[in-house]
Amino acid sequence: QVQLVESGGGLVQAGGSLRLSCAASGRTFTFSDYTMGWFRQAPGKERESVAAVTWSDDRTYNGDSVKGRFTISRDNAKNTVYLQMNSLKPEDTAVYYCAAEKWQVPGGPLSDKYDYWGQGTQVTVSS
C-alpha cells in the first residue's frame, strides 16, 4: 500500500507561481520504482492529466494545456514529487492530485491508470 499526501496548494493571482509537493510513503515501498503523475479536476470537468515522471529514467511528460508552464520533478531521496507551476491562469483552477504506479503505467504515463492516489490539494487562480 502506498500513501500520497499533497501540499502546496492555495490562492494565487494570474501570472503567479506555486509549487506543489507530494510525499509518498508505504511499508516496503521503494519510491524510485514508481512512475509519478499529477492530475487535476475542475468543477464540472473531467479529470485531466497534467504531468508525469517515469520510474526508470526520470523522463517527463506534460499535458498539452500546461506545456512550457509546468514542470514535474522528483527527489528519490525524499520520496517526493513536485509540480512547479508558473504563469498560472484562471483556467488552472482545480483540485490537483498526485498519483503513483509501480513501474509502467498501463496506457502510458499520462493515462489515469494509476493504482494509488492522493486526496488532492486545491489551487485557485484569481484573475
Side-chain angles (χ1 to χ4, degrees):
Q1 194 73 9
V2 176
Q3 290 80 44
L4 303 172
V5 179
E6 302 97 334
S7 62
L11 174 64
V12 63
Q13 288 188 335
S17 298
L18 279 176
R19 188 176 81 154
L20 305 182
S21 300
C22 172
S25 63
R27 196 167 61 92
T28 67
F29 168 72
T30 302
F31 182 71
S32 58
D33 286 345
Y34 285 77
T35 291
M36 303 298 295
W38 283 99
F39 292 78
R40 67 187 182 186
Q41 188 164 22
K45 295 189 176 181
E46 292 187 356
R47 184 166 57 194
E48 176 187 12
S49 175
V50 175
V53 57
T54 60
W55 69 281
S56 57
D57 54 4
D58 291 354
R59 184 173 181 179
T60 61
Y61 299 79
N62 284 97
D64 289 340
S65 62
V66 304
K67 282 180 179 177
R69 300 188 299 124
F70 290 11
T71 303
I72 189 171
S73 62
R74 67 189 299 160
D75 185 336
N76 290 339
K78 295 182 177 180
N79 289 1
T80 301
V81 63
Y82 303 97
L83 184 68
Q84 178 66 42
M85 306 186 294
N86 298 328
S87 302
L88 283 160
K89 305 175 182 179
E91 50 263 44
D92 294 319
T93 295
V95 177
Y96 283 70
Y97 298 92
C98 174
E101 176 71 17
K102 194 169 186 179
W103 301 323
Q104 295 179 343
V105 181
L110 292 179
S111 80
D112 64 354
K113 305 301 183 187
Y114 286 74
D115 277 341
Y116 303 102
W117 294 81
Q119 292 300 306
T121 185
Q122 176 71 46
V123 172
T124 303
V125 184
S126 63
S127 58

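The residues of the chain are indexed from 1 along the displayed sequence. Computed from a prediction, not measured in an experiment: that's the story for all the values here.
Heavy atoms only, all atoms of each residue included: T80 and S21 are closest at CG2-CB, 4.2 Å. Residues A42 and A94 approach most closely at N-CB, 3.8 Å, considering heavy atoms. In terms of heavy-atom proximity, R69 sits nearest to D92 at NH1-OD2, 2.7 Å. When all heavy atoms of R40 and S65 are compared, the pair lying nearest together is NH2-OG, 3.2 Å. Nearest heavy atoms, P106 versus E101: CD-OE2, 4.1 Å. The nearest pair of heavy atoms linking A51 to L83 is CB-CD1, 4.1 Å.
Counting heavy-atom neighbours within 6.0 Å of Q104 CD, excluding the residue itself, gives a total of 12 or less. Within a 6.0 Å radius of CD in Q3, other residues, nucleotides and ligands contribute more than 12 heavy atoms.
A donor-acceptor pair is defined here as one N or O able to donate and one able to accept, closer than 3.5 Å; such a pair exists between the side chain of T35 and the backbone of W103. Distance alone, capped at 3.5 Å, places no donor-acceptor pair between the R59 side chain and the T54 backbone.
Here the OG atom belonging to S49 is positioned 8.5 Å from the CG atom belonging to D112, to the nearest 0.5 angstrom. The distance from the CD atom of E6 to the CD atom of Q122 is 12.0 Å, given to the nearest 0.5 Å. Atom OG of S17 is separated from atom CZ of R19 by 12.0 Å, given to the nearest 0.5 angstrom.
The hydrophobic clustering, which links ILVMFWY residues whose side-chain heavy atoms are closer than 4.5 Å, places V53 and V105 apart. The hydrophobic cluster containing L18 also contains V50, counting ILVMFWY residues as joined when their side-chain heavy atoms lie under 4.5 angstrom apart, directly or transitively. Cluster annotation: V81 is connected to L4 through the hydrophobic network of ILVMFWY side chains, with a link wherever side-chain heavy atoms come within less than 4.5 Å. In this structure, Y96 is a member of the same hydrophobic cluster as V12, with clusters built from ILVMFWY side-chain heavy atoms closer than 4.5 Å.
Checked against ring pair (Phe, Tyr, Trp, His ring centres under 6.0 Å), F39 has the following partners two or more places apart in sequence or in another chain: Y114, W117.
The closest side-chain heavy-atom distance from D58 to R74 is below 4.5 Å. Side-chain contact check for Y82 versus T71: every heavy-atom pair is 4.5 Å or farther apart. Put simply, the side chain of I72 does not reach to within 4.5 Å of the side chain of F70, judged on heavy atoms. Counting heavy atoms from C-beta on, the side chains of K102 and V2 never come closer than 4.5 Å. With contacts defined as side-chain heavy-atom distances shorter than 4.5 Å, the pair M36/W55 does not qualify. The shortest side-chain heavy-atom distance between L20 and M85 falls under the 4.5 Å cut-off.
Applying the ring-ring contact (aromatic ring centres under 6.0 Å, His included) definition to pairs two or more places apart or across chains, those involving residues 19-38 are F29-Y34. The stretch residues 5-59 participates, sequence neighbours left out, in these disulfide bond (SG atoms under 2.5 Å apart) pairs: C22-C98. Evaluation of the disulfide bond (SG atoms under 2.5 Å apart) test over residues 34-89, restricted to residues two or more places apart or in two chains, returns none. Each disulfide bond (SG atoms under 2.5 Å apart) pair with one or both residues in residues 27-78, not counting sequence neighbours, would appear here, but there are none.
Taking a 4.5 Å side-chain heavy-atom cut-off between Ile, Leu, Val, Met, Phe, Trp and Tyr, the cluster of V5 contains only that residue.
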